[in-house]
Amino acid sequence: MSTLTDRPLSRKNLAVTVATGYIPLIIATLIVFLPLAWMIISSLKNPGEIVTTTLKIFPEHASADNYVKAATKVPFVRFFANSVLVTVVAATIKCVLAVLTAYALVFIAFPFKRVIFILILVALMVPPQAAVLPNYVLIAQLGGLNTYWGIILPGLGTAFGTFLLRQHFLTLPASILEAAEMDGASHWRRLWQVVAPVSLPSIATVALVTIVTEWNDYLWPLIITTKQEFMTLPVGLTLLSNSDSSAQAWGVLMAGSVIVIVPILIVFAALQRYIVAGLTQGSVTG
Amino acid sequence: MSTIAEPKSSPEVPLPRGNKADKEVGQDRKAKSQGRWAFWLIAPTLALLAVVIVYPIVNAVIMSFQKDQGLDPVSKVFVKGGPAGFSNFIHWLAQQCGSGPCAPGTLGSQFWSATGTTFFFAVVTVILETILGFWMAIIMARTFRGRSALRAAVLVPWAIPTAVTAKLWFFIFAFEGIANKLFGSAILWTGSEWPARWAIIIADVWKTTPFMALLILAGLQIIPAEVYEAAKVDGASAWQRFTQITLPLVKPALLVAVLFRVLDALRMYDLPAIMTGGANNTTTLSILVVDQLRQGVNSAAALSTITFIIIFIVAFIFVRFLGANAVASATPNGKGKVK
């Protein structure tokens, strides 16, 4: 808050910065990371150290035993591969469809445009669990139980990406497309050579939100899969806890949790620059 | 967020944006090819929405008026399907099973308590997340070293699968877990009604507040700094600046954030399902639908139709409420005129 005094390093200024900036920052960070740290610490303990009469924060002998147990008890590698496959396919389709639809809604004039946009908005309002049951019936009839396409298909029906990208496309200056139009570039080329490149931050935001949603999805994969070889990581994780009594299983469960969150954290670290930019730049404010 | 308001804008209200179809009148040939392009770009999405949104919803409504096949639980006679009238709906709304009220403990007796629980969770979590999220957004809007690192870091809980969040907090709130150790208490957190509810609420707030904070931050950033400077010169206190500048100006973005969160909270499933299994009065409507799915599909269809209507009404109220503000505050950038 440099507006309070003229000298940027005056004592008052420094105190205000610490009190209003760094202290809340530290509190917020602690609230976010302490539970996660507890998860990681616990995953390195043996059962005797987790259930104790007095509180012990750190393990005396950190070991990776829990990770070995978690990985051997349920097929984590398979769950991981399933999650990656489902997430990559679903997120790719969703993002491409969102870009195409948003482009048409903003840059092409056609009849019933408003009606179609309103339809898409209404789809955004439909609570997924209202569609869970009929979707289950539909997919089961089509033979989609315990298949990858059965897991992927119903999730594709969200309009969130279209909505977000449309909001962003509306803010692009008209001038950037005029040159391309003069050159007689088709809509297809205008989309991929002009609009998409300048919209990368927003597209990355949509990609991140979609990847997180798909990777985290629990209810639908839980319902549609009964065989382990098609389960995704979140579903498989709950399998881990069901297969053992709780007091013994805590360490293994926390190790499994760490395995589940590491990949999403890596993707997140790679794309976070964009999501913070994309989410705070008019995507919601319109 | 002018768009949220669009469904209710009537024909005589001039459209705020320049992308009306009549702008392109006089370019007939072009319009035709435009339409073709639009069709091919939009058709896949519309087809998908029809298959996975429209068809299921219509189907659910049809199914909810059908009888379940199978043995009648009361008369032990095999019942064929067929039209059921409103009986599936009455089963839930009046909590009637067969000829009398549903026995306590059966799914049929839980509709109103599940509705109450769902709304309780939605209201409490959204209020807490809005207040804490606002606080975090104001911190994040300040300029200081490490701001971008903070913004990225606080989003981490949002990126973690809810199943993992549930397991993590289940572990923290276990009887022998760290929550009891730290407070020196001996509470069976997930084993009785109110502690279980608060455990679920704390987990949800931890997970979702950061996302809320970012949505609010987006709203805060459209407020020009000069407005605050002017107010300061006029001698407005920090509290006056907050209530008379920040709040009114951030309201449209805030309402949208709250709407998204309410719709999300009304379908809460993962956290209570994993932390308590719905025991001790933590059964939400979503859990009830999924449990009923295993006992009778048509009855479950009626329940999901009711849920859909409830959520739709909530969304509708919000959009009406949002509408007036969103239209007034929308400043379209004169975009969309591109042919």
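Worth saying up front: this structure is predicted, and the values here are computed from it rather than measured. Chain naming here is simple, since letters A, B, ... match the order of the sequence lines and numbering starts at 1 in each.
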OG1 of A:Thr238 to NZ of B:Lys167, rounded to nearest 0.5 Å, is 6.5 Å
When the 4.5 angstrom heavy-atom criterion is applied to A:Val99 and chain B, the contacting part is neither
Separation between OG1 (B:Thr165) and CG (A:Asn216), nearest 0.5 Å, reads 7.5 Å
Turns out that what part of B:Leu303 lies under 4.5 Å from chain A's heavy atoms comes down to neither
A:Leu36/B:Leu168 under side chain to side chain contact (heavy atoms under 4.5 Å, CB included): CA gap, chis, key distance, verdict
CA-CA 8 Å; A:Leu36 293 177; B:Leu168 171 60; 4.2 Å; yes
On a heavy-atom basis, the closest approach of B:Ile42 and A:Ala104 is CG1-CB, 3.5 Å
When the 4.5 angstrom heavy-atom criterion is applied to B:Trp135 and chain A, the contacting part is side chain
Correct closest heavy-atom pair for B:Pro56 and A:Asn135 would be CG-OD1, 3.2 Å
Donor-acceptor under 3.5 Å (A:Trp38 side chain, B:Ile172 main chain)
no
Separation between NZ (A:Lys94) and CG (B:Leu48), nearest 0.5 Å, reads 10.5 Å
When the 4.5 angstrom heavy-atom criterion is applied to B:Val54 and chain A, the contacting part is neither
When the 4.5 angstrom heavy-atom criterion is applied to A:Val212 and chain B, the contacting part is side chain
Pairwise side-chain contact, A:Trp250 with B:Phe170, heavy-atom cut-off 4.5 Å (strictly under) | yes
### 4.5 Å side-chain heavy-atom contact, B:Trp169 and A:Pro35
yes
side-chain contact (heavy atoms from CB on, under 4.5 Å) test vs B:Val164 passes for just one of A:Leu237, A:Ile259, A:Leu253, namely A:Leu237
Okay, B:Phe39 and chain A: the region with an atom under 4.5 Å from a heavy atom over there is neither
When the 4.5 angstrom heavy-atom criterion is applied to A:Leu222 and chain B, the contacting part is side chain
- Report yes if some heavy atom in the side chain of A:Val260 is under 4.5 Å from a heavy atom in the side chain of B:Ile160; otherwise report no. no
- Item | B:Val156 vs A:Phe33 side-chain heavy atoms within contact, under 4.5 Å | yes
Honestly, the part of A:Ile139 sitting under 4.5 Å from a heavy atom of chain B is neither
When the 4.5 angstrom heavy-atom criterion is applied to A:Met39 and chain B, the contacting part is both
One should read off an interatomic distance between A:Leu219 CG and B:Met268 CE, to the nearest 0.5 angstrom, of 13.5 Å
I'd like to check A:Leu233 versus B:Pro161 (side-chain heavy atoms, cut-off strictly below 4.5 Å). Are they in contact? no
Fill in: Centroid-centroid under 6.0 Å between A:Trp220 and B:Tyr269 rings
no
Among B:Asn59, B:Thr162, B:Ile274, the residue with the most heavy-atom pairs under 4.5 Å to chain A is B:Ile274
Checking A:Leu100, A:Thr101, A:Leu97, A:Leu105 against B:Leu41 for side-chain contact (heavy atoms from CB on, under 4.5 Å), the one that qualifies is A:Leu100
Looking only at A:Val258, A:Leu153, A:Leu191, most heavy-atom pairs under 4.5 Å shared with chain B are made by A:Leu153
Ranking B:Ala301, B:Ala163, B:Ala159, B:Ala300 by heavy-atom pairs under 4.5 Å to chain A gives rank one to B:Ala159
